[in-house]
2 protein chains.
Amino acid sequence: MEAKTTDEPEEIADLCEDLCEGLAEAQENLGCELMERIAGKWPLWVLYVLAQNDEPLRFSRVHERVEGISQKVLTQTLRQLERDGLISRTLYPQVPPRVDYALTPLGHELLVQIMPLGRWITDHMGAFEAARHDFDSGKAK
Amino acid sequence: MEAKTTDEPEEIADLCEDLCEGLAEAQENLGCELMERIAGKWPLWVLYVLAQNDEPLRFSRVHERVEGISQKVLTQTLRQLERDGLISRTLYPQVPPRVDYALTPLGHELLVQIMPLGRWITDHMGAFEAARHDFDSGKAK
DNA sequence: CAGGATCCGGTCCGATACTG
DNA sequence: CAGTATCGGACCGGATCCTG
């Protein structure tokens, strides 16, 4: 019949099933949107910063810790995360105003879910770098 | 879904450790780049399409299956994925030319790693929608 | 202190035309 | 068939100024 790749067809088919059940809908609908959102440069970073502290963080503190982000984008990011229920925003009607951001259980769980992926990526960083090097040197002829 | 409010500090600290070990480097360095890359709208989609077939796919086939993508962006995406060693590109010097794309073991494993995350997202889609609704209706006063 | 409003340069993306 | 090249528009993010 058809030539198969390096893996056994069963493995692929098995993966396919899971993917069709779990990822397919996410891909073509709203989950894809979420994947993109959290996978941007800043959102995960912000969640990570909030996770490092067991207490809520003020806007300024987050701004300090997520170095490189502009105030505008940080505000946008925080709004998005709040909208998706990943963080909570608490406004203290003081003067000067004070706003605390904290991870929600949902946001916490999301980090837990993403963690193994992050670990896997770091573990295979060498493979990625090698692949890139091969590709680049191959094209630079 | 677990309905725990503010988690115990120990849990957070525990998470922190893992995050610091696994995600921190990825965040601030190259892994972050990879996270963003694969999490874009198309890359994962392309990988997913390739995973559905146990045989390599031609450019046209991929283009058909990843509906909505332009030819230009598809080319870019495929190049990226190839550069990162997630897919393989095989050129047959025919006329008309023929190019086959297939998942590499690395790309295959990446999908396996991402799957549980995708599943978790779909499982909690309701929570996300609810959070968004709450947020939107709260602001629309 | 937190963040809204504005301007503006860089980037991304789609459509089109063209090549091996 | 599988791209590359180019152009114009949309969008994104940064810097600055201003408000409660």
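Numbered from 1 within each chain, the chains take letters A, B, ... in sequence-line order.
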Nearest heavy atoms of B/Ile69 and B/Val66, plus distance in Å: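 That would be CG2-O, 3.1 Å.
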If I compare all heavy atoms of B/Leu47 with all of B/Leu111, which pair ends up nearest, and what's the gap?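 Scanning both residues completely, I find the closest heavy atoms to be O-CD1, 3.6 Å.
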Could I get a table of every N or O pair under 3.5 Å where one atom is in the protein and the other is in nucleotides 10-14 of chain D?
| unit_1 | atom_1 | unit_2 | atom_2 | d |
| --- | --- | --- | --- | --- |
| D/dG14 | OP2 | A/Ser70 | OG | 3.0 |
| D/dG14 | O6 | A/Lys72 | NZ | 2.2 |

For a side chain to side chain contact (heavy atoms under 4.5 Å, CB included) with B/Leu110, tell me which candidate from B/Ile38, B/Asp84, B/Leu81 qualifies.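 Result for side chain to side chain contact (heavy atoms under 4.5 Å, CB included) with B/Leu110: B/Ile38.
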Given the rule that I, L, V, M, F, W and Y join up when any side-chain heavy atoms are under 4.5 Å apart, are B/Phe59 and B/Val95 in one cluster?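 B/Phe59 and B/Val95: separate clusters.
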Please enumerate all residues that pass ring-ring contact (aromatic ring centres under 6.0 Å, His included) together with A/His124, with sequence neighbours excluded.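 So A/His124 forms a ring-ring contact (aromatic ring centres under 6.0 Å, His included) with A/Trp120.
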Where at least one partner belongs to residues 104-114 of chain B, residue pairs that pass salt bridge (Lys or Arg N to Asp or Glu O under 4.0 Å), sequence neighbours excluded: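 Output for this query is empty, none listed.
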Tell me whether the side-chain N/O atoms of B/Arg79 come closer than 4.0 Å to OP1 or OP2 in D/dG3.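 True: B/Arg79 side-chain N/O within range (under 4.0 Å) of D/dG3 OP1/OP2.
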Between [N] ([atom2]) and [X] ([atom1]): distance, integer Å:
{"X": "B/Leu78", "N": "D/dT4", "atom1": "CG", "atom2": "C1'", "answer": "15 Å"}
{"X": "A/Arg89", "N": "C/dG4", "atom1": "CZ", "atom2": "C1'", "answer": "12 Å"}
{"X": "B/Arg58", "N": "D/dG3", "atom1": "CZ", "atom2": "P", "answer": "11 Å"}
{"X": "B/Gln71", "N": "C/dA17", "atom1": "CD", "atom2": "C1'", "answer": "11 Å"}
{"X": "B/Leu57", "N": "D/dC1", "atom1": "CG", "atom2": "P", "answer": "15 Å"}

Strand-adjacent residues in residues 91-100 of chain A, judged by heavy atoms under 4.0 Å from DNA chain C: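 A/Pro96, A/Pro97, A/Val99 - these, ordered by number, are the residues of the stretch whose heavy atoms sit under 4.0 Å from the strand.
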For B/Arg98, which residues count as a side chain to side chain contact (heavy atoms under 4.5 Å, CB included) partner, sequence neighbours excluded?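 B/Arg98 satisfies side chain to side chain contact (heavy atoms under 4.5 Å, CB included) with B/Arg58, B/Tyr92, B/Gln94, B/Asp100 only.
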Check salt bridge (charged side-chain N to carboxylate O under 4.0 Å, His left out) between A/Arg61 and all other residues, then give those that pass, not counting sequence neighbours.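 With neighbours one apart ignored, the set is A/Glu64.
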